[in-house]
Amino acid sequence: SRSSFSLSLSSLSFSLPAFSLSFFVLFLFVVPPKPGWASWRRRCLIVTRAMTEAPRHAYIHVPFCRHRCGYCNFTLIAGRDDRIGDYLDALALELERSGPPTSVSTLFFGGGTPTHLQGPALARLFDMVAERFPTTPRAEVSVEANPRDLLDENRLDLMAARGVNRISLGVQSFSSRKLKLLEREHDAEIVRKVVAKCQARFASVALELIFGVPGETLSECHSDLEQA
């Protein structure tokens, strides 16, 4: 079957506890309820259930990159691959302390750049997370990726073997001018090659694009969308 294809123009990440509390406050006190106690009671039950049930989704942050791009404001470190082993040890401890194995229907590896990890480290990451968060039969397992990393077919095969079925590529643009300004290391040709490799292995491939780059023209914007 042919893989699906999507575009991501923006993204938002959050920690579950912070989100739960913010959601509770917003849901109870900001969004106007219907008149009557029954509406408030029903709303409290919905929020309580959401905060006490076992998680159905998990996000794993991998804070390593080859280079920090000028526009990036995510939590990461660049050029410190010597800390990857320490990170994996700490993650293993965190997963062990967080509770018993819990099946999830969505598993997302973000960063940073998860695909910056080399084969053995990447395999260890997937294996330890799979033990704590086994996925349901129809789960979506997503990995954010740097296009240049996925020229390595061993990485692609490893991820496919570990159950990854969705790749989110940090393409940002097909314009060489924009890519240079954004400090990206790939070009349009690399993206095309990697997309073809991914579509042969994964059910879904998403392209992340950035718009509003200084000096960007409407024609550049249209060109990125057309090429995607």
Side-chain angles (χ1 to χ4, degrees), residues 1-8 11 57-67 69 74 76-89 91-92 95 101 103-172 174 179 184-209 227-228:
S1 60
R2 297 184 62 185
S3 61
S4 63
F5 190 78
S6 62
L7 298 178
S8 174
S11 62
H57 316 280
Y59 171 81
I60 306 297
H61 189 76
V62 184
F64 295 96
C65 278
R66 181 183 297 106
H67 165 75
C69 301
F74 289 103
L76 63 88
I77 54 175
R80 290 303 309 271
D81 290 5
D82 58 300
R83 302 305 303 273
I84 290 177
D86 294 335
Y87 159 77
L88 291 173
D89 291 342
L91 178 61
L95 292 170
S103 295
V104 294
S105 56
T106 304
L107 186 56
F108 193 101
F109 295 87
T113 309
T115 56
H116 179 65
L117 272 60
Q118 299 294 324
L122 192 59
R124 184 185 174 195
L125 171 70
F126 288 138
D127 290 345
M128 72 170 71
V129 172
E131 184 175 344
R132 174 61 179 86
F133 295 112
T135 54
T136 58
R138 300 183 63 183
E140 179 181 85
V141 182
S142 299
V143 176
E144 288 185 333
N146 176 12
R148 184 173 284 277
D149 290 340
L150 300 192
L151 289 172
D152 177 4
E153 298 202 13
N154 290 329
R155 273 195 182 94
L156 292 168
D157 292 338
L158 187 154
M159 291 191 291
R162 292 309 197 279
V164 174
N165 54 24
R166 179 179 179 272
I167 294 292
S168 184
L169 281 174
V171 174
Q172 320 313 356
F174 290 87
L179 288 170
R184 302 297 290 172
E185 298 178 337
H186 61 268
D187 56 28
E189 185 58 30
I190 287 177
V191 170
R192 294 186 183 96
K193 289 180 180 179
V194 168
V195 167
K197 294 176 184 292
C198 288
Q199 287 181 319
R201 292 171 172 84
F202 307 107
S204 179
V205 180
L207 302 188
E208 300 172 9
L209 300 176
Q227 292 186 74

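Fair warning: this is a prediction, and the values are worked out from it, not measured in the lab.
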To check you understand the geometry: which heavy-atom pair defines the closest contact between [X] and [Y], and what is its length?
X      : Y      : answer
Ser105 : Thr136 : CA-OG1, 3.5 Å
Glu208 : Ser168 : OE2-OG, 2.5 Å
Leu179 : Ala188 : CD1-N, 4.5 Å
Asn146 : Thr115 : N-OG1, 3.3 Å
Gly110 : Glu144 : CA-OE1, 3.3 Å

When rounded to the nearest 0.5 angstrom, what distance separates [atom1] in [X] from [atom2] in [Y]?
X      : Y      : atom1 : atom2 : value
Leu107 : Arg132 : CG    : CZ    : 11.0 Å
Ile167 : Gln199 : CD1   : CD    : 12.0 Å
His61  : Leu91  : NE2   : CG    : 11.5 Å
Glu185 : Arg66  : CD    : CZ    : 5.0 Å
Lys197 : Leu156 : NZ    : CG    : 7.5 Å
Phe202 : Ser142 : CZ    : OG    : 11.0 Å

- Query: For the side-chain contact (heavy atoms from CB on, under 4.5 Å) test, which of Val143, Asp149, Leu150, Leu209 pairs with Leu169?
  - Reply: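 Among Val143, Asp149, Leu150, Leu209, the one meeting side-chain contact (heavy atoms from CB on, under 4.5 Å) with Leu169 is Leu150.
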
- Query: Just one of Arg184, Arg192, Lys193 clears the side-chain contact (heavy atoms from CB on, under 4.5 Å) bar with Pro147, so which one?
  - Reply: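 Checked Arg184, Arg192, Lys193 against Pro147; only one passes side-chain contact (heavy atoms from CB on, under 4.5 Å): Arg184.
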
Would you mind reporting whether [Y] and [X] have side-chain heavy atoms less than 4.5 Å apart?
X      : Y      : answer
Pro134 : Pro101 : yes
Val104 : Thr135 : yes
Val129 : Phe109 : yes
Met128 : Leu88  : yes
Tyr87  : Leu125 : yes
Cys65  : His116 : no
Val62  : Thr113 : no
Asn165 : Glu140 : yes

- Task: Could you go through the side chain to side chain contact (heavy atoms under 4.5 Å, CB included) check for Val195 and Val171 one step at a time?
- Result: CA-CA 10 Å; Val195 167; Val171 174; 5.6 Å; no

- Message: We want to know whether His57 and Tyr59 form a side-chain donor-acceptor pair, criterion being a heavy-atom distance below 3.5 angstrom.
- Response: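 No.
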
- So with a 6.0 Å cut-off around CD of Glu131, is the heavy-atom count from everything else above 12?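 No.
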
- Under the side chain to side chain contact (heavy atoms under 4.5 Å, CB included) rule, collect the residues that match up with Arg80, sequence neighbours excluded.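 Arg80: side chain to side chain contact (heavy atoms under 4.5 Å, CB included) contacts with Ile77, Asp82, Arg83.
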
- Using atom types as modelled and distance alone, determine if a side-chain donor or acceptor of Asp81 lies under 3.5 Å from a backbone N or O of Phe64.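 No, because the side chain of Asp81 does not come within donor-acceptor range (under 3.5 Å) of the backbone of Phe64.
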
- Query: Is there a donor-acceptor pair closer than 3.5 Å between any side-chain N or O of Arg155 and the backbone N or O of Leu117?
  - Reply: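 Yes, the answer is positive, given that a donor and an acceptor are paired below the 3.5 Å cut-off.
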
- Task: Could you list all the salt bridge (Lys or Arg N to Asp or Glu O under 4.0 Å) pairs where at least one residue sits in residues 116-128, not counting sequence neighbours?
- Result: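 Residue pairs with at least one partner in residues 116-128: Asp89-Arg124, Asp127-Arg162.
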
